[in-house]
Structure formats: C-alpha cells, structure tokens
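This report refers to the structure that appears directly beneath it.
Counting from 1, the numbers follow the sequence of the chain as shown.
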Amino acid sequence: LHLLSEDGTTATVAGLWGYGKEGWQAVLGFTYKVEDSALNVRTFTDHEAFYLDDFQEEEKKWDNAKYPTLRSWMSVPLLSNDKCLGKITVDHDLPGVYNAEELAIVQTFAAHAAVAIERARLYAKATDRATQLALLAKSARTLVSNMELPAVLQSVVDNASVLTGGEACLRLYDERDNKLSKLAYSWSEPWYEGAEESEDLPADFGLSGAALSQQTAIVTQDLLDDPR
C-alpha cells in the first residue's frame with residue numbers, strides 16, 4: 001500500500017504483506033518521488049490500473065537489485081472523487097501470473113479501500129481541528145488570566161508545540177539593543193547541542209530577522225537548505 005503526499009510529488013509505503021523480516025524493515029516507510037519512474041506516473045498521475053507479465057523485462061522498471069525475484073507485477077490507483085490517494089501493488093515471483101480478471105478484482109478492492117482511507121483522513125482532520133480549537137481556547141484563557149509574563153510566554157510556546165507537533169521558541173524584539181531575545185522555548189529534547197543556552201540574535205539575523213523586518217509569517221520546508 002503506497003500513500004500519496006498531499007502535493008502529489010512523493011509516495012510512502014504505508015503497509016505491506018508477504019515480505020521477510022529484513023525486507024519488511026527495509027521497505028515499510030520508504031518514501032520516493034513519483035516522477036522517478038514512468039510506472040509510478042501511470043498510476044499516480046494518469047490514474048491507470050495495469051499489470052506487467054514480467055517486471056524484470058520492463059524497459060521502464062526501477063532498480064530492484066535487492067529483490068530480483070519480482071516478476072509478475074500489478075499497480076492499481078486508490079481513487080476517491082477523481083483524486084488519487086495512493087496505489088496498491090501486487091507482485092509474484094513467477095512471470096505471467098496476472099490477467100484482466102485479477103486486475104478487475106484488485107480494482108474493486110481498491111475502490112472500497114480508497115473510500116475507507118478518505119473517511120479516516122476526514123475524521124482525523126476533524127479530530128485534529130477540535131484539538132486545535134481547544135488548545136487555542138486554553139491559550140487564550142491563559143493570556144487573559146495570568147499577569148506573570150514568563151508564564152504567559154511559556155504557555156504560548158507550549159501550546160504552539162502541541163498544535164504543530166514540533167518545537168517552539170519565542171523571541172521578543174528588544175528595541176534598545178536591536179536584538180531578538182529568547183524568552184521561552186518548548187521541546188522534548190533540544191534539536192541541537194546548546195539550544196537552551198542559545199544567545200540573543202541580531203534583529204536582522206536569518207529567517208527570524210526577515211519575519212521581523214517584513215512583519216509577516218515565514219514558512220520554510222528545510223531550514224538547512226534555505227539561503228535566507
């Protein structure tokens with residue numbers, strides 16, 4: 001079972017059956033780019049269900065050196081409201097095993113699976129939204145009921161961490177010294193050595209400085225690769 005990312009550019013192996021323990025550990029959770037293989041594009045982008053008599057003889061196959069026994073292969077999209085959620089692949093160690101009848105059976109199963117996955121995702125989103133609203137309400141109550149600045153700031157980062165599932169750090173602009181002072185942070189374990197003792201930042205430093213000067217929120221997908 002391969003689930004497609006929200007932007008449709010990558011897919012992750014979310015479930016499997018039939019692999020040995022070593023293969024199971026190597027494959028489960030593996031993420032790959034859709035565009036890396038024309039076979040992936042046929043299912044994820046073109047929404048095509050198809051089977052191959054012999055994967056090893058396929059001109060557009062990907063490198064499968066670890067599993068040379070992969071022969072018959074089938075790929076079926078998980079479609080819900082004309083949107084591809086992922087795909088189901090089925091394989092066999094003998095060539096020529098599958099035909100149109102088996103493909104139709106897997107397509108029927110995939111249709112039901114797609115509905116179940118979409119419903120589960122909608123429920124998860126609704127649950128997450130309810131949790132977010134509860135945390136926002138809790139944070140708002142803390143902001144108006146507590147007059148101690150350290151407690152207020154800590155509440156802000158604690159709730160931000162829970163809401164995003166990540167780490168949070170709050171810095172306030174010190175106009176006198178033109179610096180960003182770290183006053184509160186929330187993380188289970190610091191993501192870099194010496195995080196707790198990190199010093200104040202110049203007001204024009206990196207993304208924090210850019211957000212301050214531009215007076216806007218900034219989102220980056222990879223901080224280490226962001227030139228700002």
Side-chain angles (χ1 to χ4, degrees), residues 1-132 162 164-166 188-189 221-222:
L1 174 66
H2 311 242
L3 293 182
L4 202 57
S5 61
E6 286 291 335
D7 60 8
T9 60
T10 62
T12 300
V13 179
L16 68 160
W17 182 89
Y19 288 73
K21 183 177 181 181
E22 181 180 349
W24 183 85
Q25 293 175 338
V27 176
L28 188 63
F30 176 70
T31 298
Y32 57 91
K33 294 181 179 179
V34 170
E35 62 182 15
D36 284 349
S37 170
L39 297 179
N40 291 330
V41 173
R42 286 175 64 178
T43 297
F44 288 132
T45 305
D46 301 337
H47 299 176
E48 179 186 358
F50 64 96
Y51 63 91
L52 303 175
D53 286 331
D54 194 340
F55 183 88
Q56 300 302 327
E57 299 298 324
E58 173 62 35
E59 180 182 354
K60 297 179 179 179
K61 70 175 184 178
W62 56 83
D63 179 26
N64 208 54
K66 288 186 177 181
Y67 304 101
T69 58
L70 180 62
R71 304 299 296 275
S72 297
W73 188 75
M74 185 186 303
S75 180
V76 177
L78 295 164
L79 301 175
S80 178
N81 297 320
D82 294 325
K83 178 183 178 181
C84 186
L85 306 179
K87 69 175 179 178
I88 295 175
T89 58
V90 183
D91 61 78
H92 201 285
D93 60 0
L94 294 176
V97 171
Y98 305 129
N99 56 35
E101 184 176 352
E102 278 86 12
L103 183 65
I105 292 173
V106 177
Q107 282 182 284
T108 300
F109 172 77
H112 292 292
V115 172
I117 291 172
E118 182 68 6
R119 287 179 176 175
R121 284 182 169 178
L122 290 174
Y123 176 77
K125 287 182 179 179
T127 302
D128 289 345
R129 182 58 177 165
T131 300
Q132 291 173 345
V162 174
T164 61
S188 55
E189 293 183 3
Q221 299 303 320
D222 192 335

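- Residues Thr31 and Thr10 bring no donor and acceptor atom of their side chains to less than 3.5 Å of each other.
- Shown here are the salt bridge (Lys or Arg N to Asp or Glu O under 4.0 Å) partners of Asp54, two or more places apart in sequence or in another chain: Arg71.
- Using a distance-only test at 3.5 Å, with no hydrogens or angles considered, a donor-acceptor pair links the side chain of Asn99 to the main chain of Glu101.
- Between the CG atom of Leu28 and the CG atom of Leu16 there is a distance of 5.5 Å, given to the nearest 0.5 Å.
- Nearest heavy atom pair, residue Phe50 against residue Arg42, reads CG-NH2, 3.4 Å.
- Using a distance-only test at 3.5 Å, with no hydrogens or angles considered, a donor-acceptor pair links the side chain of Gln56 to the main chain of Leu70.
- The CH2 atom of Trp73 lies 6.0 Å from the CZ atom of Phe55; values are rounded to the nearest 0.5 Å.
- Summarising the geometry, atom CG belonging to Asp53 is positioned 10.5 Å from atom CD belonging to Glu58; distances are rounded to the nearest 0.5 Å.
- Nearest heavy atom pair, residue Ile117 against residue Leu85, reads CG2-CD1, 4.1 Å.
- In this structure, Val90 and Val76 have side chains that are not in contact, with every pair of non-hydrogen atoms separated by 4.5 Å or more.
- For Thr9, the side chain to side chain donor-acceptor pair (under 3.5 Å) partners are Asp7, not counting sequence neighbours.
- Using bins of under 30°, 30° to 60° and over 60° for the plane-to-plane angle, the ring pair Tyr32/Phe44 lands in the tilted bin.
- Here the side chain of Thr43 pairs a donor or acceptor atom with the backbone of Glu48 at under 3.5 angstrom.
- Scanning both residues, His112 and Thr108, for their nearest heavy atoms gives CD2-O, 3.1 Å.
- The two residues His47 and Asp82 come nearest to each other via the heavy atoms CE1-O, 3.4 Å.
- How far CG of Leu4 is from OG1 of Thr45: 8.0 Å, rounded to the nearest 0.5 Å.
- Distance CG/Asn40 to CG/Asp46: 11.5 Å, rounded to 0.5 Å.
- Annotation for Pro77 and Ala110: closest pair O-CB, 3.8 Å, computed over non-hydrogen atoms.
- Distance check, rounded to the nearest 0.5 Å: CG of Leu52 to OG of Ser75 gives 8.5 Å.
- Other residues, nucleotides and ligands place more than 12 heavy atoms under 6.0 Å from the CZ atom of Arg121.
- The minimum heavy-atom distance linking Val97 with Ser72 is given by the pair N-OG, 3.0 Å.
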